S.K.: 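Have a look at the structure that comes next, please.
Just so it is clear, the structure is predicted and the values come from calculations on it, not from any experiment. All residue numbers in this chain count up from 1 along the given sequence.
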Amino acid sequence: QVQLVESGGGLVQAGGSLRLSCAASGRGFSSYVIGWFRQAPGKERDLVAAISWSGTRTYYPDSVKGRFTVSRNNVKNTVSLQMDSLKPEDTAVYYCAATTSQYIPVRVIDYGNWGQGTQVTVSS
């Protein structure tokens, strides 16, 4: 299993950028699909980006496509989420999560390893 720790959250004005990082420890990081989820108060946890174990495949929902970019470094055991053109509706706690899969799952239930989350607040 891998243990995940997110960092990089904070307060930013609308239109600004933030870069989140997910650092992994444990064995086999390079074999895991990594997803970034977010959860706003009173709302469900949703997938906003995911990357395959090799980094060759990515997934983004329409809500963030063109604004968010996920990347990974399997040597440093890190996954990054670059968030540009941020909007107030992007405000949420952001989590990274890991799963072993040949495809990119999109459901919360498909991911078994989670970080503690990092708060992102976008002011208008």
S.K.: Where the side chain of R67 meets the backbone of S85, is there a donor-acceptor pair that is under 3.5 Å apart?
M.R.: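 Flag set: sc R67 to bb S85 pair under 3.5 Å.
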S.K.: Ring-plane angle category for F37 and W114, please: parallel below 30°, perpendicular beyond 60°, tilted otherwise.
M.R.: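 If you compare the ring of F37 with that of W114, the planes turn out tilted.
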S.K.: Any donor and acceptor pair, going by atom type alone, linking the side chain of N74 with main-chain N or O of W53 inside 3.5 Å?
M.R.: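 Pair found, side chain donor or acceptor close to backbone of W53.
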S.K.: Mind checking the NZ-OG spacing from K87 to S124? Nearest 0.5 Å is all I need.
M.R.: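 If I round to the nearest 0.5 Å, the distance is 14.0 Å.
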S.K.: Measuring from atom OH of Y95 to atom CG of D46, what distance do you get when rounded to the nearest 0.5 angstrom?
M.R.: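 So the OH of Y95 and the CG of D46 are separated by 12.5 Å.
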S.K.: Tell me, which pairs form a salt bridge (charged side-chain N to carboxylate O under 4.0 Å, His left out) where one or both residues lie in residues 17-45, sequence neighbours left out?
M.R.: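 Listed by first then second residue: R38-D90.
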S.K.: Could you state the interatomic distance from CG (N77) to OG (S30), rounded to the nearest 0.5 Å?
M.R.: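 If we round to the nearest 0.5 Å, N77:CG and S30:OG are 7.5 Å apart.
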S.K.: For Q1, look at atom CD and say whether over 12 heavy atoms of other residues, nucleotides or ligands are found less than 6.0 Å away.
M.R.: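 No - once you tally the heavy atoms of other residues, nucleotides and ligands closer than 6.0 Å, there are 12 at most.
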S.K.: Linking Ile, Leu, Val, Met, Phe, Trp and Tyr through side-chain heavy atoms less than 4.5 Å apart, which residues share a cluster with V120?
M.R.: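 V2, L4, V12, L18, L20, F29, Y32, I34, W36, V48, I51, Y60, V64, F68, V70, V79, L81, M83, L86, Y94, V122, listed by chain and number.
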S.K.: Please output the side-chain donor-acceptor pairs of residues 101-108 that fall under 3.5 Å, not counting sequence neighbours, one pair per line with the distance.
M.R.:
unit_1, atom_1, unit_2, atom_2, d
S101, OG, Y103, N, 3.1
S101, OG, Y103, O, 2.9
R107, NE, D110, OD2, 3.0
R107, NH2, D110, OD1, 3.0

S.K.: Tell me whether E6 contacts the main-chain N or O of Q116 through its side chain, where contact means a donor paired with an acceptor under 3.5 Å.
M.R.: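 Yes; at least one donor-acceptor contact below 3.5 Å.
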S.K.: Look up atom OG in S52 and atom CZ in R72, then write down how far apart they are to the nearest 0.5 Å.
M.R.: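 Answer rounded to 0.5 Å: 7.0 Å.
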